[in-house]
Colleague: 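Encoded as structure tokens, here's the structure I'll be asking about.
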Amino acid sequence: MASPTVTASLNAATYAPGAQMLLTINYGDPDTKTLTVTVVVTDAQGNSSAPAKVSAVIDPLTITVTDDSRRTWTRVSDNGAVAVYRAVA
């Protein structure tokens, strides 16, 4: 299995106490795959249901954000490739 990749950047290099800090994380994993299963039910007379589909992710990623000041980072957004977290300086 391939290792996930990550880069992170803050919206500023310095902050005044109480200022909003935004952390942008770009991440990915080359071997994460989405699987779709399609199910059709057919009776003895040959009548079939409409297809039902369900999806799953194989090897999903999770993000954990901590810092050495024990500040709380709150997720603002995450589209599966870029996540933004917010904290107060």
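Heavy atoms only: backbone and side chains are in, while hydrogens, waters and symmetry mates are out. Remember, it's a predicted structure, so these values are computed and weren't measured experimentally.
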Colleague: Can you tell me how far the CH2 atom of W73 sits from the CE atom of M21, to the nearest 0.5 Å?
Modeller: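 Answer rounded to 0.5 Å: 4.0 Å.
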Colleague: Is the shortest side-chain heavy-atom distance between I63 and Y27 below 4.5 Å?
Modeller: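 Yes - at least one pair of side-chain heavy atoms lies under 4.5 Å apart.
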Colleague: Using 0.5 Å steps for rounding, measure from the CG atom of L10 to the CG atom of L23.
Modeller: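 Separation between the atoms: 5.5 Å.
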Colleague: Can you tell me if S9 and T24 form a side-chain donor-acceptor pair at under 3.5 Å?
Modeller: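 Judged by distance alone, the side chains do not pair up.
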Colleague: Tell me if a side-chain donor or acceptor on N11 pairs with a main-chain N or O of L22 at a distance below 3.5 Å.
Modeller: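 It does hold such a pair.
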Colleague: Within a strict 4.5 Å, meaning less than it, do heavy atoms of the V6 and I25 side chains meet?
Modeller: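 Yes. Closest side-chain heavy atoms under 4.5 Å.
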Colleague: For R71, give me all partners under salt bridge (Lys or Arg N to Asp or Glu O under 4.0 Å), at least two apart in sequence or on another chain.
Modeller: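 Salt bridge (Lys or Arg N to Asp or Glu O under 4.0 Å) list for R71, sorted by chain: D67.
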Colleague: Which heavy-atom pair separates P30 from S3 by the least distance, and what is that distance?
Modeller: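 In terms of heavy atoms, the two residues are closest at CD-O, 3.9 Å.
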Colleague: To the nearest 0.5 Å, what is the distance between CG (L35) and CD1 (I58)?
Modeller: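 Taking CG in L35 and CD1 in I58, the distance rounds to 5.0 Å.
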Colleague: Where the side chain of S49 meets the backbone of V41, is there a donor-acceptor pair that is under 3.5 Å apart?
Modeller: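 Indeed, once roles are kept as given, a pair shorter than 3.5 Å links the two residues.
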Colleague: Mind jotting down which residue pairs meet the salt bridge (Lys or Arg N to Asp or Glu O under 4.0 Å) criterion with at least one end in residues 73-89? Sequence neighbours excluded, please.
Modeller: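 Matches after skipping sequence neighbours: none remain.
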Colleague: Which pair of non-hydrogen atoms, one from Y15 and one from Q20, has the smallest distance, and what is that distance?
Modeller: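 Looking at all heavy atoms of both residues, the shortest contact is CE2-O, 3.6 Å.
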Colleague: Test of understanding: clusters of I, L, V, M, F, W, Y form through side-chain heavy atoms closer than 4.5 Å, transitively. Do V54 and V39 belong to the same one?
Modeller: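 Same hydrophobic cluster.
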Colleague: For V40 and S48, work out which heavy atoms get closest and say how close.
Modeller: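 So the two residues come closest at CG1-CB, 3.9 Å.
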Colleague: Identify the heavy atoms of L61 and G28 that sit nearest to each other, and give their distance.
Modeller: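 Smallest heavy-atom distance, with atoms named: CD1-C, 3.7 Å.
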Colleague: Locate the shortest heavy-atom distance separating A16 from A89; write the atom from each residue and the value.
Modeller: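 That closest heavy-atom pairing would be O-CB, 3.5 Å.
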Colleague: Check T32 against D59 and note the closest heavy-atom contact, atom names and distance.
Modeller: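 Smallest heavy-atom distance, with atoms named: OG1-O, 2.9 Å.
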